[in-house]
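Only one structure is covered here, and it is reproduced in the block below.
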Amino acid sequence: MTSTAHPSPDRLRIGLQKSGRLSDDSLHLLDRCGIKIRKHRDRLFQHSENFPLDVLLVRDDDIPELVMDGICDIGIVGTNVLHEKALKRNQQGIDDGIETLHTLNFGGCRLSIAVPEQLEYVDINCLAGKRVATTYPYLLQQFCAEQNVDMKAIMLNGSVEIAPRLGIADAVCDLVSTGATLQANGLREVETVFTSQAVMVKNQHEWPVEKQATAALLERRLEGVLQANESKYIMLHSSKASLEKVIDLLPGVEHPTIVPLEKNNDAVAIHAVCHETVFWNTMEKLKAAGASSILVLPIEKMML
Ligand code: PRP
Ligand code: ZN
């Protein structure tokens, strides 16, 4: 299949991270939406053959600008990168022109300030006047303004964590998820600057109606997947006497189905969609209230 310079007007172009924290989950999400992407790891462009979607695989840092500038229509990116680029544009007096469509439940991490382990740290004032190596100077600057502490941002594009050992910074402001990178570099996390997660964004350019229709279709599927992620199908038995109590305990249930049980007049079966997470703890409470044979099943898709 060859890529065309002028794709048909219904085709939507999405920017995804090529490799990193968000890559697998982003592709998995499209897959859950029933969109098949042919896998060519090294290719910049990938096309779906069963949905009018083209995928551009790039560095996550480039995604906000690609979307803002209309090279991509939509994108999946971490709010860390998104806010950094938006702050940058705002400071240049340009509107970022980007809209968040959905918060996605993956890609969680935080932008934190970390200092060498041996440095005595009492509170944020210890950072006053310090040189802080970072890839996120705008988020750091915003944090400093909020906290009313002056720090000197040292802009680095990679390997931020080695800056203190090289003597070019006193601290770092970098992304942390497991904390392994900091630990491996003898650094201790002391302040959280920003909490990040993946979002789906779109630009505010004028789209042809065909493309708007594609986006609406994707939107509906995405809603279904995201709702189904949280929701579970629950089946259980309950004595008629404790029925009301049991139903009250079901998280996010509006209209349970009550089914009679064969050869048992004292109990019924309850089937329901729980629109909130069913924790073990919820099941234990149900059991204590008189429920039994509790089954919690995943829901793959949902259209209400
Ligand atoms: C971040 C950060 C660290 C690592 C921290 O990089 O720069 O290297 O993740 O993760 P850990 O706490 O689990 O060790 P990332 O993978 O986001 O790369 P990028 O900044 O180049 O996108
Ligand atoms: Zn990155």
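Atoms within a ligand are numbered from 1 in the order they appear, just like the ligands themselves. Computation of the quantities below employed the complete heavy-atom set of this structure, encompassing side-chain atoms and omitting hydrogens, waters and symmetry-equivalent molecules.
- When each of H47, E210, K211, R11 is checked for a side-chain contact (heavy atoms from CB on, under 4.5 Å) with P52, only R11 meets the rule.
- Those atoms of ligand 1 that come under 4.0 Å of a heavy atom in V176, given as number and element, are 12 (O).
- Scanning the protein heavy atoms around atom 7 (O) of ligand 1, the nearest turns out to be D174 OD2, 2.9 Å.
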Evaluation steps, side-chain hydrogen bond (donor to acceptor under 3.5 Å, both in side chains), between Q141 and Q91: CA-CA 12 Å; Q141 188 186 52; Q91 283 204 7; 2.8 Å; yes
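- Nearest protein heavy-atom neighbour of atom 13 (O) of ligand 1: T178 OG1, 2.6 Å.
- The 12-atom threshold is exceeded at CG of D123, counting heavy atoms of other residues, nucleotides or ligands nearer than 6.0 Å.
- The only option from D95, D69, D96 that meets the salt bridge (Lys or Arg N to Asp or Glu O under 4.0 Å) definition with R89 turns out to be D69.
- Of the possible donor and acceptor atoms, one in the side chain of S48 sits under 3.5 Å from a partner among the backbone N and O of F51.
- A side-chain donor from one of S112 and E189 sits under 3.5 Å from a side-chain acceptor of the other.
- Atom 10 (O) of ligand 1 has its closest protein heavy atom at S177 OG, 3.5 Å.
- Between G20 and ligand 1 there is no heavy-atom distance shorter than 4.0 Å.
- Within a 4.0 Å radius of atom 18 (O) of ligand 1, the protein contributes no heavy atom.
- In this structure, atom 16 (O) of ligand 1 lies nearest to the protein heavy atom R21 NH2, 3.8 Å.
- In this structure, atom 21 (O) of ligand 1 is not in close contact with the protein, since no protein heavy atom lies within 4.0 Å of it.
- Here the rule is side-chain contact (heavy atoms from CB on, under 4.5 Å) with L236, and of L295, V268, V246 only V246 fits it.
- Residue D60 has at least one heavy-atom neighbour below 4.0 Å for each of these atoms of ligand 1: 22 (O).
- Contacts between R59 and ligand 1, counted as non-hydrogen atom pairs separated by less than 4.0 Å, are absent for every part of the residue.
- Under 4.0 Å from ligand 1, heavy atoms of T181 appear from its side chain as well as its backbone.
- A tilted orientation is assigned to the rings of H83 and F194, their planes being inclined by 30° to 60°.
- Atom-to-atom distance recorded for R110:CZ and E191:CD is 12.5 Å, nearest 0.5 angstrom.
- Summary: OD1 is the N/O/S atom of D61 found nearest to the Zn ion (ligand 2).
- Contact annotation: for T135 versus ligand 1, there are no heavy atoms closer than 4.0 Å.
- Between Y136 and ligand 1, a contact under 3.5 Å exists for no N or O pair.
- With respect to atom 12 (O) of ligand 1, the closest heavy atom belonging to the protein is G179 N, 2.7 Å.
- Atom NZ of K285 has 12 or fewer heavy atoms from other residues, nucleotides or ligands within 6.0 Å.
- For the Zn ion (ligand 2), the nearest N, O or S atom contributed by D60 is named OD1.
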